[in-house]
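The structure appears below as structure tokens.
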Amino acid sequence: MRIVTWNINSIRIRVDMIREFVEKHNPDILCLQETKVEDDSFPHKEMQQMGFGYRVVRGEKSYNGVAILSKIPITEADRLVFVNEQSRHKTVVTESGIEIHNFYVPAGGDIPCPDTNPKFKHKLDYVDHAAEWFRRYRSKEDKIILLGDLNIAPGKKDVWSHRQLLDIVSHTYMEKFHFHKLMKSLEFSDIVREQSEIEDKIFSWWSYRNKDWKKSNKGRRLDHILASPGIRNQCKKHKIYTEFRDYKRPSDHAPVLLEMSL
DNA sequence: ATGGTTGGGGTCCAA
């Protein structure tokens, strides 16, 4: 089974790019963030034509929006959603009993201070709330994949410059603290990092604001795929499709794939 | 230290 997370930054203008990705790399389940579309305008027909017969979506005008698109049967949707404000969380359970949580964590604004910046406080609270929810209501034996745009680069090698980003939202101490609390809630494994060399810099996002993203390579790893202990041994390999950051009118995020055995 | 770009909706906000 091939499962992909991708912050698409508006689904409507990137249908062709999604189609090319699906034809080339054949994901069974595609989890999207920042669809930026209300539910009645979601491109259901196009996604159906790509083979996604199961679609669980929640969007709003202009901002946010998440979707889980699947070629394989979904037996339940959103029973396990812990909070669904602002279209940031969708869950499904597949016919093989895998529980998928697709998250779009708040970006948090520019100022890394919860007292003066409500967006940053919202981000910290959101991750904290998620960690508490998993700790209380789910167990390590459950087969859980937690993925999405978590908007936090947790490790020194998840940013282009650890020192220069210590006070930049996405890499601050407080965000990393909450990220680790989420990791510890069910002893999640960070699959992409575990399957990589510890000294390798790994990015999934590059700002639009760099003239030549590839040359400057000032990236961050904001998109994650975490696996609970109950499913960890079914995780086979991962891939980050950086070439899609080079697509004509790309998203600023690249798709991240996890291949699993059933 | 600053500003750089993109998308959506509407001439600004969020990322």
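Note that the structure is a prediction, hence the values are computed from the model and not measured. All chains are named by letter (A, B, ...) in the order of the sequence lines, taking the proteins before the strands, and each is independently numbered beginning at 1.
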| task | Using a strict 4.0 Å threshold on nitrogen-to-oxygen distance, state whether Lys123(A) and Glu175(A) make a salt bridge. | result |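 Counted as a salt bridge, because a side-chain N and a carboxylate O are separated by less than 4.0 Å.
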From [options], pick the nucleotide closest to the side chain of [X]?
{"X": "Asn9(A)", "options": "dA15(B), dG7(B), dG9(B)", "answer": "dG7(B)"}
{"X": "Lys119(A)", "options": "dA15(B), dG7(B), dG9(B)", "answer": "dA15(B)"}
{"X": "Tyr208(A)", "options": "dA14(B), dA15(B), dT6(B)", "answer": "dT6(B)"}
{"X": "Glu34(A)", "options": "dG9(B), dT5(B), dA15(B)", "answer": "dA15(B)"}
{"X": "Arg14(A)", "options": "dG9(B), dG7(B), dA15(B)", "answer": "dG7(B)"}

Starting at atom [atom1] of [X], determine the distance to atom [atom2] of [N], rounded to an integer number of angstrom.
{"X": "Ile168(A)", "N": "dA15(B)", "atom1": "CD1", "atom2": "P", "answer": "16 Å"}
{"X": "Asp110(A)", "N": "dC13(B)", "atom1": "CG", "atom2": "P", "answer": "13 Å"}
{"X": "Lys123(A)", "N": "dA15(B)", "atom1": "NZ", "atom2": "C1'", "answer": "11 Å"}
{"X": "Asp252(A)", "N": "dA14(B)", "atom1": "CG", "atom2": "C1'", "answer": "12 Å"}
{"X": "His253(A)", "N": "dT6(B)", "atom1": "NE2", "atom2": "C1'", "answer": "12 Å"}
{"X": "Trp205(A)", "N": "dT5(B)", "atom1": "CH2", "atom2": "P", "answer": "14 Å"}
{"X": "Tyr104(A)", "N": "dA14(B)", "atom1": "OH", "atom2": "C1'", "answer": "8 Å"}
{"X": "Met17(A)", "N": "dT6(B)", "atom1": "CE", "atom2": "P", "answer": "14 Å"}

ask   = Looking only at side chains, do Trp213(A) and Asp246(A) share a donor and an acceptor under 3.5 Å apart?
value =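 There is such a pair (donor and acceptor under 3.5 Å, judged by atom type) between the side chains of Trp213(A) and Asp246(A).
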In this structure, are over 12 heavy atoms from other groups packed under 6.0 Å from Lys184(A) atom NZ?
->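 Result for NZ/Lys184(A): open.
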For the CZ atom on Arg55(A), are there more than 12 heavy atoms of other groups (residues, nucleotides or ligands in this structure) within a distance under 6.0 Å?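 Counting neighbours around CZ of Arg55(A), more than 12 heavy atoms of other residues, nucleotides or ligands fall under 6.0 Å, so yes.
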Nearest heavy atom decides the nucleotide; on that basis, is Lys36(A) or Asn64(A) closer to the 5' end of DNA chain B?
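That would be Lys36(A).
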- Which residue lies toward the 5' end of DNA chain B, Asn7(A) or Lys211(A), if each is placed at its nearest nucleotide?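 Taking each residue's closest nucleotide, the earlier one in sequence belongs to Lys211(A).
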When the [atom1] atoms of [M] and [N] are compared, how many Å lie between them, rounded to an integer?
{"N": "dG7(B)", "M": "dA1(B)", "atom1": "P", "value": "31 Å"}
{"N": "dG3(B)", "M": "dG9(B)", "atom1": "P", "value": "28 Å"}
{"N": "dG4(B)", "M": "dA14(B)", "atom1": "C1'", "value": "16 Å"}

If you compare every side-chain N and O of Arg209(A) against the phosphate oxygens of dG7(B) (OP1, OP2), does one of them come in below 4.0 Å?
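No, Arg209(A) has no side-chain N/O under 4.0 Å of OP1/OP2 on dG7(B).
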- Message: Categorize Lys61(A) for me: base, sugar-phosphate, or nothing, with a 4.0 angstrom heavy-atom threshold over every strand shown.
- Response: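 Sugar-phosphate contact only.
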Worksheet item: Is the ring centre of Tyr247(A) less than 6.0 Å from the ring centre of Phe21(A)?
Response: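 Not close enough - the centres of the two rings lie 6.0 Å or further apart.
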